[in-house]
Amino acid sequence: MTLSISSAFDGGNIRVVSIDGARIDLEIVKDKNSDFYQWFSFRLTGGEGQKLELRILNCAGSAYPHGWENYRACMSLDREEWERVDTSYEGGVLTISVTPPSDSVWFAYFAPYTMERHHELIAAFASYPGIAYRSLGQTLDGQELDYLELGGGPLQVWLYARQHPGETMAEWWMEGAIERLLDESDPVIRRLREAATFHIVPNMNPDGSRRGHLRTNAAGVNLNREWHAPTPEKSPEVFLVRAEMDKTGVDFAMDIHGDEAIAANFLAGFEGIPSHRAEQQAVFDAFSKALVRVTPDFQTAKGYEVPPPGKANLSMSTAQLAERFAAVSMTLEMPFKDNEDLPDPLHGWSPERCRLLARACLDALHAVLPDLRAYRGK
Ligand code: ZN
């Protein structure tokens with residue numbers, strides 16, 4: 001069996017430059033109509049027992065070159081468990097050194113969350129008692145933009161993920177959040193569902209997800225730069241979700257992402273918005289503190305620089321929702337690498353830990369319900 005590389009599947013991304021003995025040279029393909037690239041997902045066949053070097057040559061020009069430092073690629077035999085493998089980065093080339101234990105193995109930037117798995121998630125949960133399913137409309141590629149609603153309380157809580165499709169950890173987080181929200185024997189969930197109505201968009205960017213994009217939709221548009229003025233032509237995903245938010249209002253919102261460079265979980269808020277309110281910030285800070293207390297996978301020392309007053313980027317959803325609705329809104333960033341304060345040498349940051357972090361976020365939301373209710377008068 002000869003060595004072969006393929007990526008013609010749901011969420012796949014790689015281009016073969018050459019295969020020369022045990023050395024396989026590869027390149028990541030840019031998002032359509034865009035210069036962004038960093039997500040890769042491919043299959044290697046015919047390599048069992050051979051000591052191979054897989055080199056991704058164009059990493060220096062990727063969206064976040066610092067993301068490759070101290071990064072280890074993910075490999076799977078069964079597409080369920082993803083283990084980290086020996087990876088090094090030098091001179092703009094990422095080298096994965098591996099002896100495949102099977103003639104059929106998969107590699108990816110992070111455990112993939114395919115559109116097929118997304119359909120299984122929706123199929124499993126849409127028919128659940130107490131949950132309402134709706135399509136908010138169609139994407140440019142003609143996929144449904146799936147929306148779930150549950151709970152019945154006056155607070156309007158929005159959870160949405162994967163505006164950036166290559167950040168697959170975001171949908172693993174969603175799986176954990178939805179699973180827990182459906183457990184009506186869980187006392188925290190009973191209280192949350194009395195207090196709030198949950199509006200959930202598990203995948204904001206189905207087209208980018210299926211196309212194997214890092215950051216954009218089918219038109220090559222970065223959805224998290226469209227929230228001030230979305231259009232049906234360029235950014236229907238944001239256009240549809242924001243219109244629904246205008247109907248329901250938003251009291252609390254979490255936008256779920258992954259960060260290429262920083263080896264930690266962290267939140268980004270809305271400090272720079274024009275209408276910034278001390279009471280609004282206080283609920284955000286209380287949530288952040290509560291999350292630190294409930295999980296060692298969350299911290300506040302590492303993160304993005306806070307924009308100065310009045311300098312928020314209102315094209316990003318967190319700032320737009322905080323300004324538009326006076327909501328307590330936030331961007332949750334999870335690592336592609338690992339939580340370096342509590343590393344897992346075998347898996348790195350993983351789907352299981354994304355799911356657990358989602359559960360912890362619901363505990364933190366429960367902890368700040370009195371603050372959120374007082375702030376919103378609900
Ligand atoms: Zn992102």
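Atoms considered below: every heavy atom in the structure, side chains included; atoms not considered: hydrogens, waters and symmetry mates. Just so you know, ligand 1 is whichever comes first in the structure, and atom 1 is the first atom listed for that ligand.
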* To do: Tell me, please, which residues at least two apart from Arg191 pass salt bridge (Lys or Arg N to Asp or Glu O under 4.0 Å).
  =>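 For Arg191 the salt bridge (Lys or Arg N to Asp or Glu O under 4.0 Å) partners, ignoring immediate neighbours, are Glu194.
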
* For Arg242, side chain to side chain donor-acceptor pair (under 3.5 Å) partners two or more places apart ->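 If we apply the side chain to side chain donor-acceptor pair (under 3.5 Å) test to Arg242, skipping adjacent residues, there are no hits.
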
* **Residues which pass side chain to side chain donor-acceptor pair (under 3.5 Å) with Asp255, listed by chain and number, not counting sequence neighbours** =>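 Here the qualifying residues are Gln163, His257, Ser317.
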
* To do: Please state whether the rings of Tyr147 and Trp158 are parallel, tilted or perpendicular, taking 30° and 60° as the class boundaries.
  =>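 Tyr147 vs Trp158 ring planes: tilted.
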
* **Distance below 2.8 Å from the Zn ion (ligand 1): protein N/O/S atoms** =>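 Atoms qualifying: His164 ND1, Glu167 OE1, Glu167 OE2, His257 ND1.
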
* Hey, are Asp251 and Arg376 close enough for a salt bridge, meaning a charged N less than 4.0 Å from a carboxylate O? ->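 Between Arg376 and Asp251 there is a salt bridge, with a charged N closer than 4.0 Å to a carboxylate O.
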
* Under-4.0 Å salt bridge between Glu244 and Arg134 ->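 Yes, Glu244 and Arg134 are salt-bridged.
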
